Amino acid sequence: MLKDLIKSLYSFSYYKELAEKSAGHTFLFTVIVWLLMSVAASIFMGNTLGKEIPAILHTLPPISIENGVLNVNNNMPYTVLLPVKGTPGLKAVYEPTPSFPPTEEDFLRDNVLVYFTNTKVFMRNMSGKIEEHTYPKEFTYKNADGFKDKEQVDAIVSSIKILVSVSMFIVMPVVILYLASGTLFAGLLLFLMMRRQITVGKILKMCFYMLPPVAVLAAIIFSLSVNASVFQLAQFCLCGMFFQQILNNYKPVQM
């Protein structure tokens, strides 16, 4: 399996051998990639949060929540810039009593990740729809002096790191399917253009074996804080190049 992981990064001819592997082997390969990507993402996010979150916490105003009512900055509007790679200027906004609930256009126009009000929090889910949640009345928290204590900040950062690490393992299967679908698009396009003697099933298998080079590309793109839309174009170009070289190892379809 280690050989498959390494050679998938550079050997175009080896993909012909990978395409002949069983479905079980392909599934096991994908599980290993999932674990590696989850660990790498957890380490990367942990390091980023460890550097960025303390600075943000030190600048936050007094915060309290009691009987399901959130009070930030003495009930005055407040905005925080979030340290998210690839999406500079992403914000968390506190608006105590908005005239209307925030819409999808508000999120996109103002580049907002989450809206907080006195009684509710609004977030966009992965499909772009707005979800709203009320604060639990049983939960009480008061921090009249802000986040100045180092031990308190360290405890919060550690908790966030653990939460993010767990979430990476949960979210990564969705990320893998997203990456594989983008790779499949490039593969089918090259398959239709080049007309080689290979089945669609083998093209689909190759999409999962191509996850390592795509993951390396994603790591490079997002470490440079480049806009996420650039990655989609880069992935298409990379996968198109891979499939062009791979399909050259198959005979043309006889017309």
Side-chain angles (χ1 to χ4, degrees), residues 1-48 85-86 161 164-226 228 230-254:
M1 194 65 70
L2 179 60
K3 175 185 175 182
D4 296 339
L5 283 167
I6 295 174
K7 297 197 76 170
S8 68
L9 293 170
Y10 67 89
S11 179
F12 303 124
S13 59
Y14 191 66
Y15 274 86
K16 188 172 184 179
E17 183 176 332
L18 289 173
E20 301 299 327
K21 301 283 187 180
S22 66
H25 184 278
T26 305
F27 176 76
L28 181 59
F29 181 92
T30 305
V31 169
I32 292 175
V33 172
W34 163 61
L35 292 173
L36 292 174
M37 289 177 64
S38 299
V39 170
S42 297
I43 294 173
F44 174 77
M45 291 298 296
N47 290 336
T48 300
K85 294 284 186 180
K161 282 184 177 181
V164 169
S165 295
V166 173
S167 66
M168 287 297 102
F169 284 87
I170 297 173
V171 171
M172 202 55 67
V174 178
V175 174
I176 285 176
L177 289 176
Y178 171 78
L179 296 178
S181 64
T183 304
L184 180 61
F185 175 76
L188 291 177
L189 182 61
L190 268 293
F191 169 71
L192 293 173
M193 291 173 60
M194 297 180 67
R195 306 287 295 175
R196 301 291 168 150
Q197 294 181 19
I198 181 175
T199 63
V200 174
K202 290 181 179 179
I203 294 287
L204 179 59
K205 274 188 184 181
M206 289 180 184
C207 292
F208 289 96
Y209 287 114
M210 212 173 289
L211 284 170
V214 173
V216 170
L217 174 67
I220 294 173
I221 293 291
F222 288 109
S223 67
L224 297 174
S225 299
V226 179
V230 175
F231 168 71
Q232 296 175 328
L233 176 61
Q235 180 191 2
F236 179 78
C237 293
L238 176 71
C239 295
M241 179 193 71
F242 263 68
F243 273 112
Q244 190 269 332
Q245 295 296 324
I246 291 168
L247 294 177
N248 279 334
N249 295 296
Y250 289 87
K251 297 179 179 179
V253 174
Q254 299 297 323

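Quick caveat: nothing in here was measured; it's all calculated off a predicted structure.
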(message) Can you confirm whether Leu35 sits close enough to Phe169 that some side-chain heavy atom of one is under 4.5 Å from a side-chain heavy atom of the other?
(response) yes

(request) Start with the C-alpha gap between Phe27 and Val31, add the side-chain angles, then the distance that decides, and say whether side-chain contact (heavy atoms from CB on, under 4.5 Å) holds. (result) CA-CA 6 Å; Phe27 176 76; Val31 169; 3.8 Å; yes

(request) Could you pull out the closest heavy-atom pair between Ile198 and Lys202, with the gap in Å? (result) CG1-CB, 3.8 Å

(message) Rounded at 0.5 Å granularity, tell me how far CD1 in Ile246 sits from CE in Met210.
(response) 4.0 Å

(request) Could you go through the side-chain contact (heavy atoms from CB on, under 4.5 Å) check for Val175 and Met172 one step at a time? (result) CA-CA 5 Å; Val175 174; Met172 202 55 67; 3.8 Å; yes

(message) Less than 4.5 Å apart, side chain to side chain, heavy atoms only: is that true for Met168 and Val39?
(response) no

(message) So, applying side-chain hydrogen bond (donor to acceptor under 3.5 Å, both in side chains) with Tyr209, which one of Lys7, His25, Lys21, Glu17 is it?
(response) His25

(request) First locate atom CZ of Phe231, then atom CG of Leu179, and finally report the distance between them rounded to the nearest 0.5 Å. (result) 5.0 Å

(request) Kindly assign one of parallel, tilted or perpendicular to the pair Phe236 and Phe185, based on the angle between their ring planes and the thresholds 30° and 60°. (result) tilted

(request) Determine the minimum heavy-atom distance between Lys205 and Glu20, stating which atoms define it. (result) NZ-C, 4.4 Å

(request) Tell me, with the steps shown, if Met206 and Phe243 meet side-chain contact (heavy atoms from CB on, under 4.5 Å). (result) CA-CA 9 Å; Met206 289 180 184; Phe243 273 112; 4.0 Å; yes

(request) To the nearest 0.5 angstrom, please state how far the CZ atom of Phe12 sits from the CG atom of Asn249. (result) 10.0 Å

(message) Ignoring hydrogens, what is the shortest heavy-atom contact between Tyr250 and Ala19? Give both atom names and the distance.
(response) OH-CB, 3.9 Å

(request) Evaluate the side-chain proximity of Val33 to Leu5: yes if any heavy-atom separation is below 4.5 Å, no if none is. (result) yes

(request) Give a yes or no on this: more than 12 heavy atoms of other residues, nucleotides or ligands lie within 6.0 Å of atom CE of Met193. (result) no

(request) Determine, step by step, whether Ser8 and Tyr14 satisfy the side-chain contact (heavy atoms from CB on, under 4.5 Å) criterion, reporting the C-alpha distance in whole Å, the side-chain angles of both residues, the deciding distance to 0.1 Å, and the verdict. (result) CA-CA 7 Å; Ser8 68; Tyr14 191 66; 6.0 Å; no

(message) Just verifying a value: how many Å separate Gln197 CD and Thr199 OG1, rounded to the nearest 0.5 Å?
(response) 11.5 Å

(request) State, to 0.1 Å, how close Thr183 and Cys239 come at their nearest heavy-atom pair, and which atoms those are. (result) OG1-SG, 3.5 Å

(request) Nearest 0.5 Å please: distance from the CD1 atom of Ile176 over to the OG atom of Ser38. (result) 6.5 Å

(message) Quick one, Leu190 and Ile203 - any side-chain contact, counting heavy atoms below 4.5 Å?
(response) no

(request) Enter the distance from Tyr178:OH to Gln232:CD here, rounded to the nearest 0.5 Å. (result) 3.5 Å

